[in-house]
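Order of listing sets the numbers, starting from 1, for every ligand and every atom in it.
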Amino acid sequence: VAIAVGVVGTGVMGADHIRTLVEAVPGAEVIAVADPDQARALKAAQAAGGARVHTEPRELIGSAAVNAVVIASPDETHEPLVLACLEAGKPVFCEKPLAATAAACLRVVDAEVARGRRLVQLGFMRRFDPGYQGMKRTLESGTIGRPLFLHCVHRNREAPPWFTSAMLFSDSAVHEIDLARWLLGRELTSATVHTPRSSSQAHPGLRDPRFIVLRNADDVIIDVETFVSARYGYDIRCELVGERGTVALPAPPSVTSWAAGAERREVPGDWRERFAGAYAAELRAWVAGTEAGEVGGPSAWDGYAAQVVAEACLEATVTGQTIPVSLPSPPPLYR
Ligand SMILES: NC(=O)c1ccc[n+]([C@@H]2O[C@H](COP(=O)([O-])OP(=O)(O)OC[C@H]3O[C@@H](n4cnc5c(N)ncnc54)[C@H](O)[C@@H]3O)[C@@H](O)[C@H]2O)c1
């Protein structure tokens, strides 16, 4: 019996998750969609092979026909929608960030803890990427020795007009913040942000790029160049330096062409192309968790922890100081 999935928000990510669920996730069927933009919702419903269209997301969440919910609407809608799913006792896959602020993330954590069982999986898809998984295995094998530095680059072609300077931390670098916690298995302890002049290619009002320096409980330094108006493509790089060697994220596969005196490799246009395999793997894991009655993968707590660090980064831009971060230990549900 297939899990009947309802998808809330059918924009860029919602449409992509529907395509992935239809093409690459056995055991799931998209039976309902919700979006205030009717034209988008209709198109998404067709792509799902004739799903029911709701204008009101709460109606979809409450529908007896829907077993599990994917949330891909704007950040500020995540908290109330995830809380509604928890109240209905339905497994929910929520796009990152878990909520727009750390305080809101904590309210979601509290609601899940009160239910006593994990129902929320968060969309930190990079944990499912074979390249990052290979880096983690290499570190754990001991071949490169104990870690010293994690160097990260996060470049997007361009940011949407609604993207704010704060979202550089809460929406973009939040992926590297989560990776640093997951890959190195330690909490982050401080954040510093260096701000070069803004790129002339950034849209007015957006302070871009930024250079983030984090430290973790093992005194490993993590640096993240976050540059969302990089123009040439979507380019994600990562290298972990250990005491006896280093390990790097493999470049995405591309043909190489040689012509007109130059060697040429393609750069992905955006995250959907670059992490297609990871998006499919995270949704397969979520559907498997839903079938098993308890979801795994990145948790609401991971979403909260990442948002605390993203907020420390924002504070660091205001004061120019290194901001200490301290997280309480997670409730037993997340250990
Ligand atoms: N994991 C990733 O790599 C990744 C990448 C991009 C975006 N995201 C996240 O996905 C979410 C959606 O981003 P997007 O780029 O698809 O945005 P988008 O603007 O393309 O799509 C959002 C959709 O939600 C709809 N919407 C607005 N309010 C709603 C509501 N109350 N209920 C239901 N639908 C509503 C909009 O009409 C729109 O169709 C964001 O939270 C973003 O941070 C994650």
Side-chain angles (χ1 to χ4, degrees), residues 6-20 32-45 47 51 53-63 66 69-85 92-101 104-105 108 120-129 132 154-164 166-179 182 226 228 234-236 268-283 285-286 297-298 302-303 306-307 310:
V7 177
V8 177
T10 56
V12 174
M13 283 315 287
D16 198 57
H17 285 322
I18 289 171
R19 188 191 52 72
T20 304
V33 300
D35 196 306
D37 183 327
Q38 277 298 283
R40 253 183 220 170
L42 269 172
K43 202 169 153 218
V53 177
H54 297 263
T55 23
E56 178 44 55
R58 279 165 194 279
E59 197 183 277
L60 175 150
I61 294 167
S63 159
V66 170
V69 180
V70 168
I71 295 175
S73 45
D75 300 356
E76 63 280 2
T77 66
H78 294 183
E79 179 197 7
L81 294 173
V82 174
L83 289 176
C85 292
V92 52
F93 175 87
C94 180
E95 257 314 331
K96 48 72 10 192
L98 177 61
T101 65
C105 290
V108 175
V120 182
Q121 183 181 321
L122 195 63
F124 284 139
M125 77 294 182
R126 294 197 203 172
R127 293 188 185 200
F128 294 86
D129 175 74
Y132 284 114
H154 185 146
R155 298 188 192 133
N156 289 51
R157 205 167 45 185
E158 61 185 344
W162 41 262
F163 203 83
T164 65
M167 286 173 126
L168 216 67
F169 307 111
S170 62
D171 275 64
S172 293
V174 75
H175 281 293
E176 277 79 12
I177 292 171
D178 178 65
L179 275 173
W182 171 78
T226 311
V228 299
Y234 181 70
D235 192 5
I236 300 298
D270 73 21
W271 49 92
R272 289 170 294 179
E273 183 184 344
R274 171 66 179 84
F275 288 112
Y279 292 123
E282 70 177 354
L283 286 171
W286 175 67
D302 294 319
Q307 209 57 13

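Closest heavy-atom approach to atom 36 (C) of ligand 1 among the candidates Asn156, Asp37, Asp35: Asp35. Nearest-heavy-atom check against atom 2 (C) of ligand 1 across Phe275, Tyr279, Trp271 picks out Tyr279. Here atom 28 (N) of ligand 1 lies nearest to Pro74 when heavy atoms of Gly123, Pro74, Ala100 are compared. Nearest-heavy-atom check against atom 44 (C) of ligand 1 across Glu95, His175, Glu282 picks out Glu95.
Between the side chain of His78 and the backbone N or O of Pro97 there is at least one donor-acceptor pair closer than 3.5 Å. The backbone N or O of Glu282 sits less than 3.5 Å from a side-chain atom of Gln121, completing a donor-acceptor pair. Side-chain atoms of Asp16 never come within 3.5 Å of backbone atoms of Arg272 as a donor-acceptor pair (strictly under, hydrogens ignored).
Under a 4.0 Å criterion applied to the non-hydrogen atoms of His78, ligand 1 contributes the atoms 41 (O). Residue contact check: Pro97 has heavy atoms under 4.0 Å from atoms 43 (O) of ligand 1. The Thr77 neighbourhood of ligand 1 comprises atoms 31 (N), with distances under 4.0 Å to a heavy atom of that residue. Atoms of ligand 1 found under 4.0 Å from any heavy atom of Met125 (numbered from 1 in listed order, with element): 1 (N), 3 (O). Of all the atoms in ligand 1, the ones that sit under 4.0 Å from a non-hydrogen atom of Val8 are 32 (N), 33 (C).
Below 30°, between 30° and 60°, or above 60°: for His175 and His154 the angle between ring planes is between 30° and 60°, a tilted geometry.
Summary of contacts: the protein heavy atom closest to atom 35 (C) of ligand 1 is Pro36 CD, 3.3 Å. For atom 17 (O) of ligand 1, the closest non-hydrogen atom on the protein side is Trp162 CZ2, 4.4 Å.
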Next item on the list: For the pair Met167 and Val228, evaluate side-chain contact (heavy atoms from CB on, under 4.5 Å) and give the outcome as yes or no after the intermediate values.
Entry: CA-CA 10 Å; Met167 286 173 126; Val228 299; over 6 Å; no
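Heavy-atom minimum distance, Asp35 versus Ala41: CB-CB, 3.9 Å. Nearest heavy-atom pair, Gly297 versus Phe128, reported as atom, atom and distance to 0.1 Å: CA-CZ, 4.5 Å.
Within the 4.5 Å cutoff, the side chain of Leu98 has no heavy atoms near those of the Gln307 side chain.
Inclusion of Met13 in the set of residues having an N or O under 3.5 Å from an N or O of ligand 1 is warranted. Geometrically, ligand 1 and Val12 share a nitrogen or oxygen pair separated by less than 3.5 Å. Checked against a 3.5 angstrom limit, the closest N/O atoms of Arg40 and ligand 1 fall inside it. For ligand 1, one of its N or O atoms has an N or O atom of Lys96 under 3.5 Å away.
Not a single heavy atom of Ala15 sits closer than 4.0 Å to an atom of ligand 1.
Checked for salt-bridge contact, Lys96 and Asp178 miss the test: no charged N lies under 4.0 Å from a carboxylate O.
Contacts of Pro57 with ligand 1, taken as heavy-atom pairs under 4.0 Å, involve the side chain alone.
Every residue two or more places apart in sequence or in another chain that forms a salt bridge (charged side-chain N to carboxylate O under 4.0 Å, His left out) with Glu176 is listed here: Arg126.
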